[in-house]
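Along the sequence shown, the residues carry numbers beginning at 1. Below, all heavy atoms of this structure are taken into account, side chains as well, without hydrogens, waters or symmetry copies.
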Amino acid sequence: MRQLYSRLLICLISITIIAFSTAFPVQEAKEKDWFPYYDFDPAVFQSAPRAYGPLTRWWLPGNDISSDELQREIRMFADNGFAGVEVQPLTQGLNPKAPKGQRDRVYSWDTPSYYAHIAALLEQAKESKVIVDMNGGSGWPLGGSFFDPKESMKTLAVSDTILGAGQSFKGPLPKPGNHAPKATGMMAAMMTKNFVDDKWAVPLSIIAAKVEKVTDHQTVLDPKTIVDLTKNIQSGTLDWKAPDEGKWQVVVTWKIPSGEKPSLIASEKNNYVIDHLDPVVVTKTYEYLLGRRTGLNKYHGKPIRAIFNDSYEFHTDRIISPDFLEKFRTLNGYDITPYLASVFQKGYDHPVYLANMYVDAKPPVVFNEKDNWRMMHDYDRTINEVFKKNFIGASNGWLGSRGMLHRTQAYGFPIDVIGAAGSADIPEAEQLFAEGSEGYLKLVTSGAHLNNKPVITQESFVSILRAEMTTPQKIKMWADKSLACGINQLIYHGTPYKYNNGEYGPEGWNTWSSPFLPFVNFSTGMNETDPFWKDVKQINAYLARCQYALRAGKPKTDVLIYMPFIDFTEDQLATNPEEILERGYLKGIEPDIQGFGVFKAPDTRINRWYKKLWPIINELEANGITWEFVNDESLQKATLIGKNFAIAGNNYQALIVVNLPFIDLNTAKKINTIAKAGASVWMDGALPEIQPSYHDFDANDRLVKQIMEETASQKTALKWDFKPYKSIVQKINFTGKMDFTRQIVREMKDGSEVRFFWNKSDQWQTLALKIGSEFRDYYWLNAETGQLTKGQATATYDLAPYGSVILYATSKKIPENILSQPIASSRKASEIVKVENWTLGVDQTILKDQNLKDWRQIEDLKFTSGEGIYRSKFTVQNMEPNANYFLDLGKVYYTAEVTINGKPAGKRLFTPFELNITELLKAGENEIEVKVVTSRRNGFIGEAVKGNPLYLQFKGQEKTTVPAGLVGPVVLKKL
């Protein structure tokens with residue numbers, strides 16, 4: 001999550017499996033079973049099956065559930081357009097002082113009763129054709145009380161002692177010390193750990209070295225004086241005498257359980273997080289949670305599609321695996337064992353919201369002050385490899401052998417997001433992590449595309465500290481931003497099980513906005529009690545059409561941007577200055593709320609790199625060039641195809657290398673090779689002169705400098721200043737610069753293309769394209785309605801504020817009977833009448849002769865939520881028979897249902913809040929009624945103002961209300 005608590009869900013496909021050609025690489029059998037390849041079919045798009053719809057994360061209050069209610073809610077999800085659910089039993093937002101019987105039920109996860117309830121759920125899911133993804137156990141990270149604590153998650157720890165010249169040490173090894181401040185207050189509560197016995201600690205390195213200096217809580221040791229003290233240990237006692245000259249430090253580096261508890265687990269036993277980097281423990285865990293003991297084995301693969309593991313929010317200082325030291329030697333060419341203490345850092349592998357308390361932490365000892373970062377890099381590189389193999393690989397393997405997939409948010413500690421995402425069966429992103437920025441979302445989708453993962457999910461429609469701010473319009477904006485980044489299966493975060501024992505208001509339990517956790521909240525808890533639930537089926541129909549289109553064929557990307565970093569954490573990302581919905585914040589509409597979980601990015605190499613990169617990305621986007629990231633691992637696999645290069649069957653026209661602080665030696669060699677062979681390499685900024693590894697770094701730095709200078713001298717190495725993107729060959733081109741849009745492209749086996757365009761601006765914009773002669777025809781697809789209209793000679797389309805459209809260009813003949821006539825655009829219509837003097841009714845409050853305004857400006861309504869009925873009259877003179885008449889409602893917060901002269905004119909959930917009412921108008925006087933539905937936030941704040949304890953989470957939030965009502969102006973337009 002941002003990272004903080006939460007995560008995801010996913011979808012199925014029912015289309016004939018088609019063999020892949022070389023250009024469409026073969027997937028693993030289990031992925032093909034769930035996600036068979038298909039080409040786009042406009043007829044399917046029009047009424048996209050529910051199987052292409054979104055999922056929702058379904059929060060259960062532990063095991064205080066009933067089989068009947070679970071089955072009812074499964075049917076409810078199916079009726080409202082959800083493809084599936086992700087089942088997550090947890091304790092978030094529940095009453096900690098509930099009666100004993102209630103608490104006993106909540107905390108009885110992993111009991112026969114719980115599995116009986118889940119079996120009933122799964123039976124109904126099979127009948128209702130609802131996909132089920134199961135969370136890995138209860139809470140996260142994966143864990144419980146069903147294994148020996150010695151098999152729990154491991155961390156490095158360091159102990160040390162100083163000896164004077166000639167001084168002897170005889171006794172037990174010093175215990176691990178704490179080299180950073182102790183957590184206090186709320187942090188202490190979040191970091192509460194289980195008992196860890198000293199006997200579980202295993203020494204990995206026992207050395208002594210001469211002290212060169214002590215500076216700022218860090219000791220610098222002379223690497224030439226390192227003494228291996230392992231041989232001096234007998235019966236657990238160290239016996240060693242320091243040399244007669246200088247000060248010496250004995251340093252012991254340990255492997256020891258972290259003691260971390262799974263967050264929000266519905267069990268009151270001593271629950272530990274499992275050792276995620278021990279594949280034996282990982283497979284034992286899945287067998288325990290999903291095997292014959294539980295009865296869930298009969299549902300493997302039907303309807304259980306996947307097991308989900310949330311973002312890896314380890315309370316671990318420095319991750320270590322059983323095979324780590326051997327793997328390190330193989331990858332990096334030297335033995336890290338004597339230097340282990342120099343790569344230990346308190347809080348290093350913690351999630352950002354916890355690592356912040358260790359902001360000034362550093363390794364307790366170093367052997368090379370200037371270049372210790374290189375050892376840190378080599379350690380991170382090794383962790384990336386063992387995590388992908390030992391956890392993601394082990395998970396993929398165990399689940400795949402039983403007909404299931406592994407879905408995961410493969411990040412949370414410093415990591416190569418591209419590589420980790422690409423290693424999962426179903427990689428997942430989220431809108432809580434890294435500000436929900438496209439700079440992070442594209443890391444996940446790039447990893448998936450580079451490794452041919454057909455479905456990429458996202459924990460969606462959620463932001464921190466914005467409870468009750470999720471509206472249909474915002475859902476669509478969030479969705480469109482993510483779809484344009486390559487996400488193609490959205491998962492609501494999420495839906496609370498219907499639950500209320502009197503400790504909540506009438507709406508019941510809202511998992512992430514609760515009076516029992518008032519200091520933190522998240523924006524979405526979408527179930528039957530939400531005012532916009534009645535619209536969710538229509539929203540999901542839109543999402544299903546988009547997701548059907550964006551899973552067809554395969555991705556088509558013009559250029560790759562080399563991403564050199566393997567230690568990405570969310571706080572280091574600098575967001576795009578042109579980006580919207582940062583932190584889920586809708587500027588100009590919502591309050592800018594600061595608080596727990598909201599932080600400012602530090603000035604780091606990654607942060608600076610992104611800042612310099614964004615102008616390049618924005619120029620690519622404005623000129624219609626599609627781009628993705630590439631990491632060392634994938635780039636080193638590149639092969640030449642003519643003047644282009646390919647990775648895993650995916651073709652690219654250029655590689656962008658910009659502002660690199662360093663570059664991997666093997667990557668530099670590969671770039672040099674493909675540039676010499678004719679591939680385009682676009683460069684900006686100073687050439688990198690170093691590589692990041694510690695091994696032989698002086699010689700390898702010189703070699704990298706030489707290689708990159710040689711690469712830059714090639715004819716194919718082009719400076720960004722010369723706008724090399726003008727040479728990119730596309731079948732469909734922008735006719736000019738369009739900096740308002742984002743797009744994603746999918747290519748079919750016959751060369752047809754599907755392009756999704758999103759207008760990220762709050763103004764009407766015109767999309768203008770040049771369609772290549774390769775295509776017989778092109779069509780504009782409206783995902784809101786399913787309508788297809790044939791394109792005209794000039795390929796232009798008016799995009800509403802925050803609007804989207806799908807273009808389908810093909811050589812196939814589309815049946816005429818599925819096409820619609822072009823719909824008149826209101827963009828050029830002229831205003832003829834302004835509707836004024838409204839009567840507004842909200843519950844028992846009736847306000848007459850009103851000018852339209854935000855309810856917050858009306859004393860009687862400023863802390864009110866609900867449904868408002870607006871009524872007025874207007875007169876139309878001289879109606880023209882061939883004209884179109886549009887009703888423009890102006891600003892609407894948040895949905896509007898319109899009646900004209902007693903007849904329904906339609907309902908709008910999204911921009912533009914306009915309706916063609918030509919058939920309903922009459923000459924003379926007309927009556928209008930507009931039913932507007934607001935969010936619940938202002939009303940809940942009002943309850944808190946009254947002192948209602950059921951809304952404690954909204955206490956003191958009077959300055960964070962949101963717009964409400966019909967603000968207008970409401971005008972009639974004629975075209």
Side-chain angles (χ1 to χ4, degrees), residues 11-21 24 32-55 78-84 129-131 454-455 476 479-480 483 488-490 537-556 731-732 743-758 767 769 771-772 774-792 795 797 803-823 910:
C11 177
L12 162 84
I13 292 175
S14 55
I15 299 282
T16 306
I17 297 177
I18 302 174
F20 286 74
S21 68
F24 293 80
K32 287 200 298 181
D33 291 343
W34 280 104
F35 310 122
Y37 174 85
Y38 64 92
D39 280 332
F40 181 79
D41 183 341
V44 176
F45 168 83
Q46 287 191 309
S47 54
R50 179 168 56 83
Y52 296 95
L55 278 71
D79 291 343
N80 284 279
F82 287 95
K129 295 182 172 56
V130 169
I131 300 163
V455 167
K476 183 178 182 297
D480 289 349
L483 294 169
N488 58 14
Q489 189 169 72
L490 296 155
K537 187 172 185 177
Q538 183 178 342
I539 296 169
N540 288 348
Y542 169 80
L543 299 178
R545 292 188 186 102
C546 291
Q547 293 180 159
Y548 168 75
L550 296 181
R551 289 185 224 160
K554 62 170 293 185
K556 183 179 181 182
K731 298 177 184 178
I732 298 172
Q743 67 166 319
I744 194 79
V745 182
R746 307 283 298 192
E747 184 178 39
M748 308 306 119
K749 291 176 72 174
D750 67 356
S752 299
E753 286 188 7
V754 167
R755 291 187 176 229
F756 176 88
F757 295 98
W758 174 50
L767 186 67
L769 307 173
I771 309 295
E774 300 94 333
F775 302 116
R776 171 176 179 167
D777 289 306
Y778 75 93
Y779 303 85
W780 298 111
L781 282 58
N782 184 329
E784 282 190 55
T785 63
Q787 291 177 309
L788 287 78
T789 57
K790 188 174 180 179
Q792 305 302 307
Y797 191 91
S804 61
V805 70
I806 296 172
L807 176 82
Y808 178 48
T810 182
S811 297
K812 293 180 179 178
K813 176 71 174 175
I814 302 300
E816 294 291 332
N817 66 326
I818 69 170
L819 298 179
S820 301
Q821 291 299 314
I823 299 172
F910 320 126

Q: List the steps, then state whether side-chain contact (heavy atoms from CB on, under 4.5 Å) holds for L807 with I771.
A: CA-CA 10 Å; L807 176 82; I771 309 295; 4.1 Å; yes

Q. Taking all atoms of both residues into account, what is the closest heavy-atom pair of V130 and G84, and its distance?
A. CG1-CA, 3.6 Å

Q. Rounded to the nearest 0.5 Å, how far does CD of Q46 lie from CD of Q787?
A. 8.5 Å

(Q) Can you tell me how far apart CG (L781) and OG1 (T789) are? Round to the nearest 0.5 Å. (A) 8.0 Å

For residues [X] and [Y], determine if any side-chain heavy atom of one lies less than 4.5 Å from a side-chain heavy atom of the other.
{"X": "Y778", "Y": "L769", "value": "no"}
{"X": "R545", "Y": "N782", "value": "no"}
{"X": "P42", "Y": "I818", "value": "yes"}
{"X": "F82", "Y": "N540", "value": "yes"}
{"X": "L550", "Y": "R746", "value": "yes"}
{"X": "Y779", "Y": "T810", "value": "yes"}

(Q) Counting the benzene-type ring for Trp, do Y38 and Y52 have ring centres under 6.0 Å apart? (A) yes

Q: Dump the intermediate steps for side-chain contact (heavy atoms from CB on, under 4.5 Å) on F775 and K731, then the final yes or no.
A: CA-CA 8 Å; F775 302 116; K731 298 177 184 178; 3.5 Å; yes

Q: Go through F910 and S804 one step at a time and tell me if the side-chain contact (heavy atoms from CB on, under 4.5 Å) criterion holds.
A: CA-CA 11 Å; F910 320 126; S804 61; over 6 Å; no

**Q.** Among D480, I744, I806, L767, the one residue meeting side chain to side chain contact (heavy atoms under 4.5 Å, CB included) with F757
**A.** L767

Q: Decide yes or no on side-chain contact (heavy atoms from CB on, under 4.5 Å) for Q547 and L483, but give the supporting numbers first.
A: CA-CA 8 Å; Q547 293 180 159; L483 294 169; 4.3 Å; yes

Q: May I ask you to check whether over 12 heavy atoms, not counting those of E784, lie within 6.0 Å of atom CD?
A: yes

